[in-house]
Amino acid sequence: MLVSTRMTRNPVSASPDLPLAEALRLAREHRVRHLPVVAGGEVVGIVSDRDLRLALPSPLSTGGGDAAEVERAPVSRVMTREVVTIGPYDAVEDAAKLMHRHRIGALPVVDARGALLGMLSESDVLAAFAEMLGPPGASSRLEIELPDRPGELARAMGIIGADLGLNVCSLLVPPGRGRRVVIVHVATIDPREVIGALEAAGYRVGWPSLEMDLRTGAPA
C-alpha cells in the first residue's frame, strides 16, 4: 500500500509569517493536529497544535499588550525547521517506521522538488494497517508456525486453498529467525477443519494465536 493512497491531498498549510493565533484558529477550524509550513512552493517547516498552544498565552492571561504581541508573532518562531518528509510512492510501512523512529505524528508528503502533495497522519497509518490486518467479512485468524525454508508457505496455503477450497482473506509474514509464524485470515468462522489439516501436515497452529488458543482458553 502506497502513501499516495492514504494521504490527505491538498492539505491545509501555513506560511512562515502567519500569526500564531491565526495558525491555531486554522488548525482548529480544519480539525488537524499538524500544519505544514510552505514558502516558495516548498515545505520549510511543520508546526503542531501543541506547539501553538504552548507558545500562545492562556485565555486567562492578563498580559495585555504582551499577549497580543505573542499572538501576532509568526509561525516561523515555533515551527520545526528540519522536517521529516516522505514521497507519495513510498510504502505506508516505511512511513510508519519513520514516525516511530522520529516520534512524530504526521509526515508531509512531497515530490522530488520538495513541493507539498499531501499529509499522512498516524491515524491514516493506523487505518491502513487495520485494513490490511483485519479484513472485512467473516473470517478466522490463525497463526501457523512454518520452518524457515523455501516452499513451506506455498505448501501451507495450498492446503487451505487447493485442498480445502477456502479463500485466504489476508496474509502477513512478520520477520523472524529459524521458524516463521504466518498470520492468516481464512474465510470461515469455524476453522477446525483447516487447523486439523495443517496439523496433520506437521504445522503448529494457533487460533487465534500460538500464545493463546481459544480451543482450550489457555496459553498454548
Side-chain angles (χ1 to χ4, degrees), residues 1-14 23-38 43 45-54 75 78-111 114-145 153 157 167-176 180-189 191 206-214:
M1 190 176 293
L2 299 179
V3 167
S4 60
T5 66
R6 310 304 306 198
M7 70 184 187
T8 298
R9 298 176 183 273
N10 303 314
V12 181
S13 63
L24 183 58
R25 184 199 65 77
L26 196 63
R28 287 175 172 172
E29 178 183 336
H30 292 274
R31 297 181 179 181
V32 294
R33 293 175 54 196
H34 298 84
L35 289 173
V37 184
V38 178
V43 175
I46 189 168
V47 65
S48 70
D49 61 341
R50 183 174 184 273
D51 296 331
L52 296 169
R53 285 186 281 104
L54 289 176
V75 165
V78 300
M79 72 181 187
T80 299
R81 296 178 182 274
E82 295 184 5
V83 189
V84 181
T85 63
I86 198 161
Y89 303 116
D90 289 324
V92 169
E93 52 265 37
D94 291 332
K97 290 176 184 177
L98 278 176
M99 290 182 181
H100 179 69
R101 184 185 312 144
H102 295 280
R103 298 183 180 181
I104 53 179
L107 291 168
V109 185
V110 300
D111 63 16
L116 182 67
L117 300 176
M119 285 290 288
L120 187 76
S121 71
E122 57 189 357
S123 295
D124 296 327
V125 172
L126 184 60
F129 282 135
E131 184 178 307
M132 287 189 287
L133 298 176
S139 66
S140 296
R141 181 189 192 275
L142 303 177
E143 290 186 1
I144 310 168
E145 188 178 72
L153 178 59
M157 295 305 101
N167 285 331
V168 172
C169 303
S170 71
L171 176 68
L172 177 65
V173 187
R180 290 288 181 89
V181 174
V182 176
I183 302 171
V184 58
H185 282 80
V186 183
T188 178
I189 59 173
W207 172 32
S209 78
L210 290 165
E211 286 74 25
M212 179 64 73
D213 193 327
L214 284 183

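Every heavy atom of this structure was used, including side-chain atoms; hydrogens, water molecules and symmetry mates were not. Everything quoted here is computed from the prediction, not taken from an experiment.
- Using a cutoff of 4.0 Å between basic side-chain nitrogens and carboxylate oxygens, Glu93 and Lys97 are not scored as salt-bridged.
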Residues Leu35, Ile46; criterion side chain to side chain contact (heavy atoms under 4.5 Å, CB included); working and verdict: CA-CA 6 Å; Leu35 289 173; Ile46 189 168; over 6 Å; no
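- Judged purely by atom type and a 3.5 angstrom limit, Thr80 has no side-chain atom pairing as donor or acceptor with the backbone of Glu82.
- Residues Val37 and Val43 form no side-chain contact, since every pair of their non-hydrogen atoms from C-beta on lies 4.5 Å or further apart.
- Counting heavy atoms from C-beta on, the side chains of Pro108 and His34 never come closer than 4.5 Å.
- The shortest side-chain heavy-atom distance between Arg6 and Met1 falls under the 4.5 Å cut-off.
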Show me, pair by pair, the donor-acceptor contacts under 3.5 angstrom made by side chains of residues 118-128, not counting sequence neighbours?
{"unit_1": "Ser121", "atom_1": "OG", "unit_2": "Ser123", "atom_2": "N", "d": "3.3"}
{"unit_1": "Ser121", "atom_1": "OG", "unit_2": "Asp124", "atom_2": "N", "d": "3.2"}
{"unit_1": "Ser121", "atom_1": "OG", "unit_2": "Asp124", "atom_2": "OD2", "d": "3.2"}
{"unit_1": "Glu122", "atom_1": "OE2", "unit_2": "Arg33", "atom_2": "NH1", "d": "2.9"}
{"unit_1": "Asp124", "atom_1": "OD2", "unit_2": "Ser121", "atom_2": "N", "d": "2.9"}

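- Taking OG1 of Thr8 as the reference point, atom NE2 of His30 lies at 12.5 Å (rounded to 0.5 Å).
- Taking CD of Glu29 as the start and CZ of Arg31 as the end, the distance is 10.5 Å to the nearest 0.5 Å.
- In terms of heavy atoms, Ile183 sits closest to Pro174 at CD1-CG, 4.2 Å.
- Residues Leu117 and Val110 come closest through the heavy atom pair CD1-C, 3.9 Å.
- The structure places CG of Asp94 at 16.0 Å from OH of Tyr89, a figure rounded to the nearest 0.5 Å.
- Here Leu142 contributes atom CG and Leu171 contributes atom CG; the two are 11.5 Å apart, rounded to the nearest 0.5 Å.
- What you find for Gly87 and Val3 is that their closest heavy atoms are O-CB, 3.6 Å.
- Side-chain contact between Leu52 and Val47: present, with at least one pair of heavy atoms (C-beta onward) separated by less than 4.5 Å.
- Looking at heavy atoms from C-beta onward, Leu98 lies in side-chain contact with Ile86 at the 4.5 angstrom threshold.
- Contact detail for Thr5 and Leu2: the closest heavy-atom pair is OG1-O, 2.6 Å.
- Between Thr85 and Val109, the closest side-chain pair of non-hydrogen atoms is not below 4.5 Å.
- In this structure, Cys169 and Val186 approach most closely via the heavy-atom pair SG-C, 4.2 Å.
- A 4.5 Å side-chain heavy-atom check between Val184 and Ile144 finds at least one atom pair inside the cut-off.
- A 6.0 Å sphere centred on NE2 of His102 holds more than 12 heavy atoms belonging to other residues, nucleotides or ligands.
- The shortest side-chain heavy-atom distance between Leu116 and Pro11 falls under the 4.5 Å cut-off.
- Summarising the local packing, CD1 of Ile189 is surrounded by 12 or fewer heavy atoms from other residues, nucleotides or ligands at distances under 6.0 Å.
- What you find for Pro36 and Val12 is that their closest heavy atoms are CD-O, 3.2 Å.
- Every residue two or more places apart in sequence or in another chain that forms a side-chain hydrogen bond (donor to acceptor under 3.5 Å, both in side chains) with His185 is listed here: Ser170.
- Partners of Asp51 according to the side-chain hydrogen bond (donor to acceptor under 3.5 Å, both in side chains) rule, which considers only residues two or more places apart in sequence or in another chain, are Ser48.
- Taking 4.0 Å as the cut-off between side-chain N and carboxylate O, Arg141 and Glu143 count as a salt-bridged pair.
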